Amino acid sequence: MNLLEVKNICKTYGSGETAVRALKKVTFSVPKGEYVAIVGESGSGKSTLLNMIGALDIPTSGTIVIGGKELFSMNDRKLTIFRRRNIGFIFQAFNLIPELTVEQNITFPVLLDYQKPDRKYLEELLEVLNLRERRNHLPNQLSGGQQQRVAIGRALITRPSLILADEPTGNLDTQNSSEVITLLKEASRKYEQTIIMITHSRSIAQTADRILNVSDGVLTDLGRCRE
């Protein structure tokens, strides 16, 4: 069963002679639980594609379906709620709130949705991410690797079916990068979540189940990685 269906997505910025075609009829699907890496040169369109999947931007044409729901057939309010509850975001820059503790940063999306955090699940995440002893620390008291683990916890806390990661190891050294990818994969497998990750690193891309390449707005499926 496919969790994600991307069909003939086009994105054009501007018009006339100055128009830029960022995406050109991109079509692919991702089964539930698959870990997909998207690679490509800077400016190739991969971040634009991720923004479309995350409903952070609207395509010029085409459709995106997540869990049977067509994203851009919803009104703004329904789309915002759907995105908040079904998609987890992990960014290169961490984007933690500096005034909030580790625990508060992780639970923030749940509170934003006017819900109460599942304390048992929170404790489980803190354990999985090795953050139990850091739960009351502020972001500026953490290492880069620890901050990215907080960002992973924040993405997982709503139990989303889809995790979108945009260069999640871009600000980390090799050791921390490896640890973060391992943690992300383990958490995803444990909670049966689908991951789509943008990366410039070929070695990190090779940890995925499948690699997609975007070049000049055109997507090519490079196939499954070897076990």
Side-chain angles (χ1 to χ4, degrees), residues 35-44 46-51 53-54 56-57 83-84 87-112 117 121-160 162-191 193-209 211-212 214 225:
Y35 166 31
V36 176
I38 300 178
V39 299
E41 299 297 325
S42 295
S44 62
K46 60 187 186 300
S47 290
T48 300
L49 176 59
L50 202 72
N51 287 340
I53 297 170
L56 299 175
D57 198 356
R83 180 173 58 223
R84 186 188 300 150
I87 305 173
F89 296 91
I90 303 172
F91 302 99
Q92 178 178 346
F94 314 143
N95 290 348
L96 303 180
I97 300 173
E99 298 83 7
L100 300 184
T101 65
V102 166
E103 181 175 324
Q104 290 168 336
N105 265 288
I106 290 175
T107 58
F108 185 73
V110 178
L111 300 175
L112 194 64
Y121 182 50
L122 172 62
E123 294 301 325
E124 188 176 324
L125 283 180
L126 289 169
E127 185 67 32
V128 167
L129 297 169
N130 195 25
L131 290 170
R132 190 182 291 275
E133 303 302 317
R134 296 287 185 272
R135 66 191 308 151
N136 294 317
H137 286 57
L138 296 172
N140 64 9
Q141 297 172 311
L142 305 175
S143 68
Q146 289 169 337
Q147 290 186 59
Q148 192 59 293
R149 278 185 260 155
V150 177
I152 292 172
R154 181 183 57 195
L156 294 174
I157 192 65
T158 58
R159 303 179 190 267
L162 179 62
I163 302 289
L164 301 180
D166 191 353
E167 295 284 0
T169 62
N171 287 330
L172 304 178
D173 59 28
T174 301
Q175 180 177 343
N176 276 309
S177 294
S178 178
E179 290 177 359
V180 162
I181 293 301
T182 298
L183 282 169
L184 185 58
K185 286 181 66 177
E186 288 178 353
S188 169
R189 294 290 181 261
K190 182 170 182 149
Y191 305 120
Q193 289 156 323
T194 304
I195 301 174
I196 299 179
M197 178 182 63
I198 286 177
T199 180
H200 279 101
S201 169
R202 289 284 172 174
S203 61
I204 288 177
Q206 290 294 329
T207 68
D209 300 323
I211 301 177
L212 306 177
V214 180
C225 299

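Note: hydrogens, waters and symmetry copies are ignored here, and every other heavy atom, side chains too, is used. As the structure is a prediction and not an experimental result, all values here were calculated from the model.
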Which atom names give the shortest non-hydrogen contact between [X] and [Y], and what distance separates them?
X      : Y      : value
Ile90  : Ala151 : CG1-O, 4.2 Å
Ile87  : Gly54  : CD1-CA, 4.1 Å
Asn136 : Thr101 : O-CG2, 3.7 Å
Asn176 : Gly145 : OD1-CA, 3.7 Å
Gln147 : Phe94  : OE1-CD1, 3.5 Å
Pro160 : Gly88  : CB-N, 3.6 Å

Report the distance from atom [atom1] of [X] to atom [atom2] of [Y], rounding to the nearest 0.5 Å.
X      : Y      : atom1 : atom2 : answer
Arg149 : Ile106 : CZ    : CD1   : 10.5 Å
Asn140 : Leu142 : CG    : CG    : 8.0 Å
Leu156 : Leu125 : CG    : CG    : 5.5 Å
Leu126 : Arg134 : CG    : CZ    : 12.5 Å
Ile157 : Asn105 : CD1   : CG    : 12.0 Å
Ile53  : Thr48  : CD1   : OG1   : 11.0 Å

4.5 Å side-chain heavy-atom contact, [X] and [Y]:
X      : Y      : result
Thr194 : Tyr35  : no
Ile204 : Met197 : yes
Thr158 : Val110 : yes
Leu138 : Pro98  : no
Gln92  : Pro168 : no
Val39  : His200 : no
Lys185 : Thr207 : yes
Ile196 : Ile163 : no

Query raised in the report: Is there a donor-acceptor pair closer than 3.5 Å between any side-chain N or O of Thr107 and the backbone N or O of Glu103?
Result: yes

Requested in this report: Run the numbers on Arg154 and Asn95 for side chain to side chain contact (heavy atoms under 4.5 Å, CB included), then give the verdict.
Outcome: CA-CA 10 Å; Arg154 181 183 57 195; Asn95 290 348; 4.2 Å; yes

Query raised in the report: Can a salt bridge be assigned to the pair Lys46 and Glu41 using a cut-off of 4.0 Å between side-chain N and carboxylate O?
Result: no

Query - Salt-bridge contact Asp57-Arg83 (side-chain N to carboxylate O under 4.0 Å) - result: no

Requested in this report: Kindly determine whether Ser201 and Thr199 satisfy side chain to side chain donor-acceptor pair (under 3.5 Å), including the steps that lead there.
Outcome: CA-CA 5 Å; Ser201 169; Thr199 180; 4.6 Å; no

Query raised in the report: Quick check: are there more than 12 heavy atoms from other residues, nucleotides or ligands sitting under 6.0 Å from CD of Glu123?
Result: yes

Requested in this report: With side chain to side chain contact (heavy atoms under 4.5 Å, CB included) as the test, would you mind laying out the steps for Thr169 and Gln148 before giving the verdict?
Outcome: CA-CA 8 Å; Thr169 62; Gln148 192 59 293; over 6 Å; no

Requested in this report: Answer yes or no on whether Arg159 is positioned over the face of Tyr121, meaning its NZ or CZ is under 6.0 Å from the six-membered ring centre and within 45° of the axis.
Outcome: yes

Requested in this report: Quick one: do Val36 and Leu212 satisfy side chain to side chain contact (heavy atoms under 4.5 Å, CB included)? Show the steps, please.
Outcome: CA-CA 7 Å; Val36 176; Leu212 306 177; 3.8 Å; yes

**Report entry** Trace of the side chain to side chain contact (heavy atoms under 4.5 Å, CB included) decision for Phe108 with Ile97
**Finding:** CA-CA 9 Å; Phe108 185 73; Ile97 300 173; 4.0 Å; yes

